[in-house]
Amino acid sequence: MTHPLTGRGVLVWLGVFFACIFAVNVYFIVISVETFRGEDEQKPYLQGIEYNTTLERRAAQARLGWKADVAVQRLKDGHVRIEIGLKDAAGRAPGGAVLAAELRHPADENRDHVLRVVAAGGGRYWADAGNVTSGVWDILLSNDNRRVPFEATARLWVP
């Protein structure tokens, strides 16, 4: 029942082999394009136009000297609690801060979460991130009180 291997048989086997390689490559390309579009910002053009304003806001923030410490812990119920400590240049709790936060996944913006930040007093804030997956996340903090510019980012390891 075996046939001798001929040049035509080798050609067919090579064609099947490369067809499989081509099909797998097309599959990987389609999956990667559908899951990561390559952009991190929603409006990069507008962000570029407003870059001088961003630089002015960062300079004003540097003059204030506010610093944020961020800690994360997973509670027994599976939720992730993020604790934020905010201090001014003198090490005191700054007044007038109304923090907003966004938890961003470094590779998949579909997994980002807008957090509701609750003031606990004395420059301490906390937010419940729900039941996010373990791993590396970025948190973006900003002050909703536009009179006092403050933005900070931190990379977190969520247990």
Side-chain angles (χ1 to χ4, degrees), residues 20-159:
C20 289
I21 297 294
F22 183 76
V24 168
N25 284 338
V26 167
Y27 173 74
F28 284 151
I29 289 169
V30 168
I31 294 298
S32 66
V33 168
E34 286 179 355
T35 57
F36 185 65
R37 60 188 179 107
E39 293 178 347
D40 189 34
E41 296 297 329
Q42 297 295 324
K43 299 175 182 175
Y45 177 72
L46 293 176
Q47 192 178 29
I49 290 174
E50 296 174 355
Y51 191 62
N52 287 338
T53 305
T54 302
L55 291 177
E56 291 169 3
R57 217 174 41 241
R58 287 182 182 166
Q61 177 180 337
R63 285 191 296 273
L64 287 173
W66 286 15
K67 302 279 185 203
D69 295 320
V70 181
V72 62
Q73 66 177 358
R74 186 171 296 275
L75 303 176
K76 290 181 181 177
D77 64 357
H79 282 227
V80 172
R81 182 181 179 124
I82 297 173
E83 296 179 1
I84 305 156
L86 191 61
K87 295 179 182 174
D88 64 9
R92 296 175 303 212
V98 181
L99 289 185
E102 183 177 353
L103 192 63
R104 287 186 169 184
H105 191 273
D108 185 3
E109 71 178 16
N110 294 323
R111 297 167 67 181
D112 294 352
H113 299 273
V114 175
L115 303 176
R116 184 176 156 264
V117 179
V118 177
R124 306 295 306 168
Y125 300 83
W126 65 271
D128 182 13
N131 196 6
V132 297
T133 58
S134 299
V136 176
W137 292 82
D138 294 327
I139 187 166
L140 281 70
L141 301 170
S142 62
N143 187 7
D144 276 351
N145 181 353
R146 290 286 176 193
R147 290 179 293 155
V148 183
F150 175 73
E151 292 179 352
T153 60
R155 180 148 282 192
L156 304 174
W157 172 258
V158 175

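The chain is numbered in sequence order, starting from 1.
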Legend entry - Residue pairs passing the ring pair (Phe, Tyr, Trp, His ring centres under 6.0 Å) test where at least one lies in residues 71-93, sequence neighbours excluded: none
Inset, instruction - Mind jotting down which residue pairs meet the ring pair (Phe, Tyr, Trp, His ring centres under 6.0 Å) criterion with at least one end in residues 44-77? Sequence neighbours excluded, please. - result: Trp66-Phe150
Legend entry - Nearest non-hydrogen partners of Arg111 and Thr133, listed with the distance: NH2-OG1, 2.6 Å
Inset, instruction - Would you list the pairs meeting salt bridge (charged side-chain N to carboxylate O under 4.0 Å, His left out) in which at least one residue belongs to residues 77-102, sequence neighbours left out? - result: Arg81-Glu83, Asp88-Arg92, Glu102-Arg104
Inset, instruction - Could you walk me through whether Leu99 and Leu86 pass the side-chain contact (heavy atoms from CB on, under 4.5 Å) test, one step at a time? - result: CA-CA 10 Å; Leu99 289 185; Leu86 191 61; 4.2 Å; yes
Legend entry - Of all pairs that satisfy salt bridge (charged side-chain N to carboxylate O under 4.0 Å, His left out), the ones with a partner from residues 43-62, not counting sequence neighbours: Arg57-Glu151
Inset, instruction - Would you sort out whether Val117 and Ile82 count as a side-chain contact (heavy atoms from CB on, under 4.5 Å), showing the intermediate values? - result: CA-CA 9 Å; Val117 179; Ile82 297 173; over 6 Å; no
Legend entry - Gap separating the OG1 atom of Thr54 from the CG atom of Asn52, nearest 0.5 angstrom: 8.5 Å
Legend entry - For the student: nearest non-hydrogen atoms of Ala101 and Leu141, plus distance: CB-CD2, 3.7 Å
Pair up each side-chain donor or acceptor in residues 152-159 with any protein partner under 3.5 Å, not counting sequence neighbours, and list the distances.
| unit_1 | atom_1 | unit_2 | atom_2 | d |
| --- | --- | --- | --- | --- |
| Arg155 | NE | Asp138 | OD1 | 2.7 |
| Arg155 | NH2 | Asp138 | OD1 | 3.2 |
| Arg155 | NH2 | Asp138 | OD2 | 3.0 |

Inset, instruction - Report the residues that fulfil side chain to side chain contact (heavy atoms under 4.5 Å, CB included) with Ala89, sequence neighbours left out, ordered by chain and then residue number. - result: none
Legend entry - Note, Asn110 side chain near His105 side chain (heavy atom, < 4.5 Å): no
Legend entry - Whether His113 side chain and Leu115 backbone form a donor-acceptor pair below 3.5 Å: no
Legend entry - Over 12 non-hydrogen atoms of neighbours within 6.0 angstrom of CZ in Arg116: no
Inset, instruction - With side-chain contact (heavy atoms from CB on, under 4.5 Å) as the test, would you mind laying out the steps for Asp69 and Ile84 before giving the verdict? - result: CA-CA 6 Å; Asp69 295 320; Ile84 305 156; over 6 Å; no
Legend entry - Stepwise side-chain contact (heavy atoms from CB on, under 4.5 Å) check, Val98 with Asn143: CA-CA 5 Å; Val98 181; Asn143 187 7; 4.1 Å; yes
